[in-house]
Amino acid sequence: RSYLTETGGDSVQVGGSLRLSCAISGFTYRNNCVGWFRQAPGAEREGVAAIFTERGVTRYPGSAKGRFTVSEDIAKNTVYLQMDSLKPEDTAMYYCAAHFAYGGRCEILESDFKYWGQGTLVDVSS
């Protein structure tokens, strides 16, 4: 069975930082695309970052670029999302997801991702 477990969500004030973790188990860590998505109340889920594991290639859509950084600890089979300069509109449930990166494909497309975590809540208040 495959598992992705997110931790690190919390309540923070505007301008603060958080680091989310996604621990991966149950399948080979190498050559996967691991993405971070978020869903705010009443909104559709959106991708915020992705990383091609062990190669370190990253992807960011425009909304997160410059404030969010995705990284990995290969020894721990864990992917991180560092979030800085947080804004109230960053309030959401954050999910990590993964799929095998066939042909090196690692884009932030929700339909590509096969395995999903349960999410961790981030609440940014002013």
Side-chain angles (χ1 to χ4, degrees):
R1 185 171 178 181
S2 304
Y3 294 98
L4 287 85
T5 305
E6 306 96 332
T7 56
D10 205 348
S11 297
V12 296
Q13 293 196 328
V14 171
S17 297
L18 279 176
R19 188 178 78 159
L20 306 183
S21 300
C22 174
I24 297 168
S25 63
F27 57 94
T28 302
Y29 179 79
R30 187 178 187 179
N31 289 334
N32 276 277
C33 181
V34 178
W36 284 98
F37 294 81
R38 67 184 181 186
Q39 188 166 22
E44 293 187 355
R45 191 154 54 187
E46 64 169 338
V48 297
I51 187 167
F52 192 140
T53 57
E54 294 199 4
R55 297 193 188 185
V57 178
T58 57
R59 298 280 187 269
Y60 301 96
S63 61
K65 200 168 186 178
R67 297 191 300 122
F68 291 6
T69 305
V70 60
S71 63
E72 62 178 341
D73 184 330
I74 297 170
K76 295 182 179 180
N77 284 9
T78 298
V79 171
Y80 303 100
L81 182 68
Q82 177 69 39
M83 305 186 295
D84 299 315
S85 302
L86 284 164
K87 306 175 181 180
E89 51 265 41
D90 295 319
T91 294
M93 186 72 79
Y94 283 72
Y95 301 89
C96 67
H99 69 83
F100 186 79
Y102 292 101
R105 178 180 174 85
C106 186
E107 304 297 335
I108 309 176
L109 294 176
E110 185 174 343
S111 58
D112 283 353
F113 290 85
K114 180 177 181 181
Y115 307 111
W116 289 83
Q118 294 301 306
T120 187
L121 183 62
V122 172
D123 181 21
V124 184
S125 59
S126 56

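Keep in mind that this is a model prediction, so the values were computed, not measured. In this chain, residues are counted from 1 in sequence order.
- Using a distance-only test at 3.5 Å, with no hydrogens or angles considered, a donor-acceptor pair links the side chain of E72 to the main chain of E54.
- Cluster membership check: Y95 does not share its hydrophobic cluster with Y80, using side-chain heavy-atom separations under 4.5 Å among Ile, Leu, Val, Met, Phe, Trp and Tyr.
- For the atom pair R19 CZ and T7 OG1, the distance stands at 9.0 Å (nearest 0.5 Å).
- Surrounding CZ of R45 are more than 12 heavy atoms belonging to other residues, nucleotides or ligands, all under 6.0 Å away.
- A donor-acceptor pair is defined here as one N or O able to donate and one able to accept, closer than 3.5 Å; no such pair exists between the side chain of R59 and the backbone of I108.
- Smallest separation of non-hydrogen atoms from T69 and Y60: CA-OH, 3.3 Å.
- Under the 4.5 Å side-chain heavy-atom criterion for grouping Ile, Leu, Val, Met, Phe, Trp and Tyr, V34 is not connected to F113 through any hydrophobic cluster.
- Once rounded to the nearest 0.5 Å, the distance linking CD of E110 with CD of Q39 reads 8.0 Å.
- With hydrogens and angles ignored, the 3.5 Å screen pairs a side-chain donor or acceptor of E6 with a backbone N or O of G119.
- For Q13, the CD atom sits in a loose shell: 12 or fewer heavy atoms of surrounding residues, nucleotides or ligands are nearer than 6.0 Å.
- For the atom pair W36 CH2 and L20 CG, the distance stands at 4.5 Å (nearest 0.5 Å).
- Linking ILVMFWY residues whenever their side-chain heavy atoms come closer than 4.5 Å, directly or via other members, places I51 and I74 in the same cluster.
- Considering T28, N32, D112 in turn, N32 is the only one that fulfils the side-chain contact (heavy atoms from CB on, under 4.5 Å) rule with F100.
- For the pair T78 and S21, the tightest heavy-atom approach, listed with the atom from each and the gap, is CG2-CB, 4.2 Å.
- The two residues T120 and G9 come nearest to each other via the heavy atoms OG1-N, 2.9 Å.
- T53 places a side-chain N or O within donor-acceptor distance of the main-chain N or O of Y29, the cut-off being under 3.5 Å.
- Between R38 and the options T91, D90, V122, a side-chain contact (heavy atoms from CB on, under 4.5 Å) holds for only D90.
- Annotation: side chain of E89 is not in contact with side chain of V124 (no heavy-atom distance under 4.5 Å).
- Hydrophobic cluster membership differs between V48 and M93, with clusters built from Ile, Leu, Val, Met, Phe, Trp and Tyr side chains linked at under 4.5 angstrom.
- G47 approaches P61 most closely through the heavy-atom pair O-CG, 3.2 Å.
- Between W116 and F37, the angle of the ring planes lies from 30° to 60°, which puts this pair in the tilted group.
- Note on V14 and L86: same hydrophobic cluster, where clusters join Ile, Leu, Val, Met, Phe, Trp and Tyr whose side-chain heavy atoms are under 4.5 Å apart, directly or indirectly.
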task: Given side chain to side chain contact (heavy atoms under 4.5 Å, CB included), test S17 with Q82 step by step and report yes or no.
output: CA-CA 7 Å; S17 297; Q82 177 69 39; 3.9 Å; yes
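- Summarising the geometry of G8 relative to L18, their closest heavy-atom pair is O-CD2, 3.8 Å, with the distance given to 0.1 Å.
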Given the rule in the side chain to side chain contact (heavy atoms under 4.5 Å, CB included) test, do F68 and D84 qualify, once you have shown the distances and angles that lead to the verdict? CA-CA 6 Å; F68 291 6; D84 299 315; over 6 Å; no
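- Taking both residues in full, the closest heavy atoms of C33 and A101 are given as N-CB, 4.0 Å, listed atom of the first, atom of the second, then distance.
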